[in-house]
J.: 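Encoded as structure tokens, here's the structure I'll be asking about.
In the text below, chain A, chain B and the rest are named by the order of the sequence lines, each starting its count at 1. Note that this is a predicted model, so its numbers are computed, not measured.
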Amino acid sequence: MLLDINYFNNEDTPSLAYNLIGKFIFRNENGQINHYMITEVEAYHGLLDKASHARFGKTPRNAIMFGKAGYSYIYLCYGVHWLLNIVTGAEGFPAAILIRGIDKTFGPGRVTRKLNINGSFNGKILAPESELWIEELDTIPPKVLELPRVGIDYAEEYRDMPWRFILGS
DNA sequence: CATTCGATCGGG
DNA sequence: CCGATCGAATGA
């Protein structure tokens with residue numbers, strides 16, 4: 001089942017992120033379709049989240065986070081790595097879920113390399129027509145670990161929020 | 001303008 | 001531990 005705007009149009013970003021573990025990213029490259037289980041994500045939740053790109057309000061870079069759910073938000077991190085996020089929540093509520101791991105690949109920069117995507121995919125709707133989309137293949141809930149997010153030591157009281165989710169064993 | 005500094009990774 | 005690498009954000 002395709003997970004689209006109706007699925008991601010939810011303002012409980014941490015719960016959406018939790019529930020993304022065990023779902024699948026599909027990628028169509030020249031007719032060759034592969035899919036990868038989502039194994040690690042982080043939630044970036046609203047204007048108040050001091051770890052989020054949206055914490056200073058709407059800017060050209062983060063505008064997509066304020067838009068409709070079910071779209072991609074992709075940006076260059078440290079001038080080197082493209083990071084893939086899924087926009088969530090109602091229009092006007094800035095939130096996104098960072099994809100940090102798929103299958104055996106860990107690290108958000110490696111995820112986009114494995115999927116062979118970059119900034120040209122920013123702002124695309126996650127659907128087969130974009131050659132990048134999310135599906136639920138089975139409804140058995142996996143074991144999920146909750147941990148603090150990575151690389152956001154500056155986020156003050158939001159630094160230790162357990163908004164990083166990892167597939168458990 | 002100038003400067004700082006990241007939602008990282010790989011190599012030594 | 002550190003350098004790469006560059007654009008967003010900030011402040012003058």
Side-chain angles (χ1 to χ4, degrees), chain A residues 3 8-25 27 36-126 130 132-134 144-168:
Chain A
L3 301 184
F8 292 110
N9 186 16
N10 178 323
E11 296 193 3
D12 188 349
T13 321
S15 291
L16 268 185
Y18 183 107
N19 287 305
L20 258 196
I21 300 298
K23 306 292 194 289
F24 290 83
I25 295 188
R27 175 79 171 102
Y36 310 90
M37 183 183 284
I38 298 171
T39 56
E40 181 177 354
V41 300
E42 282 176 1
Y44 289 87
H45 181 51
L47 283 171
L48 299 178
D49 180 0
K50 291 182 180 171
S52 173
H53 287 172
R55 66 191 180 278
F56 301 125
K58 195 174 189 175
T59 66
R61 177 175 67 161
N62 68 24
I64 186 71
M65 290 182 74
F66 289 74
K68 279 187 260 195
Y71 284 71
S72 60
Y73 169 47
I74 301 181
Y75 69 93
L76 188 62
C77 185
Y78 295 104
V80 181
H81 306 287
W82 294 103
L83 304 205
L84 168 65
N85 298 251
I86 301 170
V87 175
T88 63
E91 214 166 344
F93 183 80
I97 299 169
L98 172 67
I99 308 298
R100 296 187 54 90
I102 53 177
D103 288 354
K104 303 287 185 200
T105 300
F106 295 102
R110 291 175 163 190
V111 166
T112 53
R113 268 199 318 191
K114 183 150 186 170
L115 294 170
N116 195 27
I117 61 177
N118 58 30
S120 68
F121 280 75
N122 186 37
K124 288 199 177 189
I125 190 164
L126 295 169
S130 299
L132 184 69
W133 69 98
I134 313 295
V144 178
L145 307 178
E146 307 181 16
L147 296 165
R149 294 171 292 179
V150 172
I152 51 138
D153 284 350
Y154 55 82
E156 301 178 21
E157 75 270 25
Y158 281 83
R159 187 189 63 178
D160 300 315
M161 297 301 268
W163 288 350
R164 176 184 178 207
F165 303 95
I166 300 184
L167 181 65

J.: So, are A:E156 and A:K50 salt-bridged, with charged N and O less than 4.0 Å apart?
T.: yes

J.: Write down the atom of A:D153, the atom of A:R159, and the distance for their closest heavy-atom approach.
T.: O-CD, 3.5 Å

J.: C:dA9 phosphate, OP1 or OP2: any side-chain N/O from A:R55 under 4.0 angstrom?
T.: no

J.: Do A:H53 and B:dA7 share a donor-acceptor pair, side chain to base, under 3.5 Å?
T.: yes

J.: Counting only side-chain nitrogens and oxygens, does A:S52 get under 4.0 Å of the OP1 or OP2 atom of B:dA7?
T.: no

J.: Which nucleotide, if any, forms a Watson-Crick or G-U wobble pair with C:dG11, using both distances under 3.5 Å?
T.: B:dC1

J.: State whether the aromatic ring of A:Y44 stacks on the base of B:dA7, taking stacking to mean ring centres under 5.5 Å apart and ring planes under 30° to each other.
T.: yes

J.: Considering only C:dA9, B:dT8, B:dA7, which nucleotide approaches the side chain of A:H81 most closely?
T.: B:dT8

J.: Please determine if a side-chain N or O atom of A:R61 lies less than 4.0 Å away from the OP1 or OP2 oxygen of B:dG6.
T.: no

J.: Return the value, rounded to whole Å, for the distance between atom OH of A:Y78 and atom C1' of C:dA4.
T.: 13 Å

J.: Under 4.0 Å between any heavy atoms, over every strand shown, what does A:L83 touch: base, sugar-phosphate, or nothing? Just pick one.
T.: sugar-phosphate

J.: Give a yes-or-no answer on whether the side chains of A:N118 and A:S120 include a donor-acceptor pair shorter than 3.5 Å.
T.: yes

J.: Both distances below 3.5 Å, Watson-Crick or wobble geometry, any strand: find the nucleotide opposite B:dA7.
T.: none

J.: Taking the side chain of A:F56 as its heavy atoms from C-beta onward, which of C:dT10, B:dA7, C:dA4 lies nearest to it?
T.: C:dT10

J.: Name the residue closer to the 5' end of DNA chain B, choosing between A:R110 and A:I152 according to the nucleotide with the nearest heavy atom.
T.: A:I152

